[in-house]
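Read the structure below first, then the notes.
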Amino acid sequence: MDATTPLITADNLLHGRRSGPTLSTYAAFKVDLHYVLFSSPLNVLLLFVPLGIVWGYFELSHTWTFVFNFLAIIPLAAILAYATEELAEKAGSTVGGLLNATFGNAVELIVSVIALREGQVRIVQASMLGSLLSNLLLVLGFCFLFGGWNRIQQTFNQTAAQTMSSLLAISCASLLIPAAFKATLPTGKEDSLIDEKILELSRGTSIILLIVYVLFLYFQLGSHHALFEEQMEETEEVLSQISTKPPHSLTIRSSMSFLLGATIMVSVCADYLVGTIDGIVESTGLSKTFIGLILIPIVGNAAEHVTSVMVALKDKMDLALGVAIGSSLQIALFVTPFMVLVGWAIDVPMTLNFSTFETAILFVSILLSNYLILDGESNWMEGVMSLAMYTLIALAFYYYPDVDTFGV
């Protein structure tokens with residue numbers, strides 16, 4: 001379907017198929033539900049959804065409430081992504097691209113909004129940084145390692161890689177500047193004034209980043225669409241080969257219903273998940289930074305991580321790179337600045353002022369990933385480098401304590 005195909009017609013709205021018997025609404029829903037449930041192997045974890053809700057509603061063990069809801073969000077995120085893809089297929093290339101860009105990080109947005117509402121600014125900041133690091137180092141590392149294990153070298157689109165590298169540099173600068181701003185000013189009686197200036201700087205920076213993100217979408221879907229068109233066609237071909245998605249198409253109404261249902265369930269589970277974080281910190285001794293930076297990013301990115309590795313095994317590194325680096329760009333240019341503006345709207349002081357240690361880690365990570373992708377070639381040893389870097393970072397943050405200077 002191309003961009004000129006109508007998004008909604010009587011046929012695809014009511015039946016979603018050109019031929020075949022007309023089913024009742026209830027029968028059609030049962031068929032769609034069957035295919036959605038079997039669309040991903042991760043959906044077996046849906047068993048934890050009722051457990052998480054029951055444990056959270058009755059305020060039982062903090063640890064088990066966290067674990068159950070943590071595991072419950074993973075398949076819900078996969079269903080949300082499935083419904084988004086189904087809806088995007090019927091919307092044409094441009095609108096479909098916008099839908100994927102908007103809902104691609106829906107889980108991170110939902111968890112972050114709930115955390116902000118409860119004043120967990122440290123968790124939001126750490127989860128944003130953690131999503132960046134997991135995509136840049138963990139996912140990219142696994143792609144390079146598994147994709148290049150039995151191959152001498154793998155290649156990918158160098159022009160697209162350079163564009164994404166430049167945008168990653170901008171995103172890194174947006175976090176380095178507020179940290180450097182505060183680090184170069186003396187501490188003392190004017191701390192409250194400095195914090196206010198950093199908050200204003202963060203909000204201004206966020207607006208600029210969102211503008212850059214909108215222009216990047218126009219660059220990718222509009223003015224330079226041809227540059228990415230071949231990759232998009234290849235993406236569809238590869239995904240059709242490796243996907244466990246059954247040969248069935250949801251109607252627009254079904255897609256929107258599952259999208260709404262998954263979003264509501266993610267919100268409920270995320271609410272219980274975030275509500276147990278303080279209890280988890282007290283009972284396990286883990287820091288909020290470690291929980292947000294290492295654990296929370298797994299929730300929304302598990303399905304994407306599996307997809308990236310699978311396509312890397314098929315030697316389709318353009319697609320693998322697009323998922324890994326593209327997700328990082330969405331976090332850096334859209335989700336993080338958007339959360340600053342959400343905090344502004346609900347009067348929560350969410351800033352881009354990460355700690356000096358965190359910004360140094362981000363700088364080194366982006367520097368390494370840029371070096372690895374700029375030449376348009378990869379091998380398994382580069383994957384080992386990325387994974388080693390991520391392991392070192394995870395180990396460092398495991399021992400890194402939460403202190404008052406982080407704004408906790």
Side-chain angles (χ1 to χ4, degrees), residues 73 77 80-81 84 88 95 97-136 164 167-179 198-221 259-260 262-264 266-267 270-271 273-274 292-293 296-297 299-301 304 323 325-354 358-359 362 366 407:
I73 294 176
L80 198 152
T84 302
V95 178
L98 290 173
L99 282 172
N100 281 318
T102 303
F103 290 99
N105 297 101
V107 174
E108 288 91 340
L109 283 171
I110 293 170
V111 173
S112 298
V113 168
I114 292 173
L116 267 188
R117 189 188 63 192
E118 297 190 8
Q120 298 278 15
V121 176
R122 179 93 287 268
I123 290 293
V124 177
Q125 288 183 323
S127 65
M128 296 297 100
L129 181 62
S131 293
L132 279 171
L133 295 178
S134 66
N135 282 303
L136 284 177
M164 291 189 287
L167 288 171
L168 280 174
I170 294 175
S171 65
C172 179
S174 69
L175 300 181
L176 285 174
I177 291 173
I198 290 176
L199 185 59
E200 293 174 0
L201 172 63
S202 298
R203 290 167 177 171
T205 302
S206 297
I207 293 172
I208 294 172
L209 289 178
L210 287 173
I211 292 173
V212 172
Y213 179 70
V214 171
L215 294 175
F216 173 63
L217 289 180
Y218 174 70
F219 176 83
Q220 190 174 31
L221 302 174
L259 189 64
L260 178 62
T263 301
I264 292 173
V266 167
S267 301
D271 195 16
L273 177 75
V274 172
L293 193 138
I296 299 297
V299 169
N301 296 327
E304 284 184 349
V323 173
I325 305 299
S327 295
S328 298
L329 288 176
Q330 286 188 344
I331 293 293
L333 298 178
F334 172 61
V335 179
T336 303
F338 182 74
M339 294 316 303
V340 173
L341 299 186
V342 169
W344 190 3
I346 63 176
D347 199 26
V348 174
M350 169 70 183
T351 72
L352 298 177
N353 179 35
F354 293 76
E358 290 169 341
T359 51
L362 179 63
I366 291 181

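The first residue of the sequence shown is numbered 1, and numbering continues consecutively from there. Scope of the values below: all heavy atoms of this structure, side chains included, with no hydrogens, waters or symmetry mates. What you see is a predicted model, and the numbers here were worked out from it, not measured in a lab.
Proximity of L109 to F338: side-chain heavy atoms (C-beta onward) are separated by under 4.5 Å at one or more points. Taking 4.5 Å as the limit, every side-chain heavy atom of M350 sits out of range of all side-chain heavy atoms of W344. The side-chain heavy atoms of T205 and P337, taken from C-beta on, include no pair separated by under 4.5 Å. Side-chain contact check for R117 versus V348: every heavy-atom pair is 4.5 Å or farther apart. When side chains are defined from C-beta on, L168 counts as touching L136, because their heavy atoms get closer than 4.5 Å. The side-chain heavy atoms of D271 and E118, taken from C-beta on, include a pair separated by under 4.5 Å. At a threshold of 4.5 Å between non-hydrogen side-chain atoms, the residues V335 and M339 count as touching. Contact check for N135 versus I325: no side-chain heavy atoms found under the 4.5 Å cut-off.
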Evaluate the side chain to side chain contact (heavy atoms under 4.5 Å, CB included) criterion for residues E108 and S127: first the C-alpha distance (whole Å), next the side-chain angles of each, then the deciding distance (0.1 Å), finally the verdict. CA-CA 8 Å; E108 288 91 340; S127 65; over 6 Å; no
Would you sort out whether F216 and L329 count as a side chain to side chain contact (heavy atoms under 4.5 Å, CB included), showing the intermediate values? CA-CA 10 Å; F216 173 63; L329 288 176; 4.2 Å; yes
Side chain to side chain contact (heavy atoms under 4.5 Å, CB included) for L210 and L341? Distances and angles first, verdict last. CA-CA 10 Å; L210 287 173; L341 299 186; 3.3 Å; yes
V342 vs L116, test: side chain to side chain contact (heavy atoms under 4.5 Å, CB included). Steps then yes/no. CA-CA 8 Å; V342 169; L116 267 188; 4.2 Å; yes
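With sequence neighbours left out, the side-chain contact (heavy atoms from CB on, under 4.5 Å) criterion links I211 to I207, L215.
Taking all atoms of both residues into account, the shortest heavy-atom contact from N353 to S202 is N-OG, 4.3 Å. Shortest non-hydrogen contact noted between A115 and V274 is CA-CG1, 3.8 Å. Summarising the geometry of M128 relative to S112, their closest heavy-atom pair is CE-OG, 3.2 Å, with the distance given to 0.1 Å. The shortest heavy-atom contact between V111 and A270 is CG2-CB, 3.8 Å. Minimum heavy-atom separation, S174 to L352: O-CD1, 4.0 Å. Considering every non-hydrogen atom in both S267 and I114, the closest pair reads O-CD1, 3.3 Å.
Between L129 atom CG and T336 atom OG1 the span is 8.5 Å, to the nearest 0.5 Å. Distance CD1/I264 to CG/L80: 11.0 Å, rounded to 0.5 Å. One finds the CD1 atom of I123 at 6.5 Å from the CD1 atom of I296 (value rounded to the nearest 0.5 Å). To the nearest 0.5 Å, atoms CG (L133) and CD1 (I331) are separated by 11.0 Å.
Although no hydrogens or angles enter the test, the distance criterion places a donor-acceptor pair under 3.5 Å between the side chain of Q125 and the main chain of T351.
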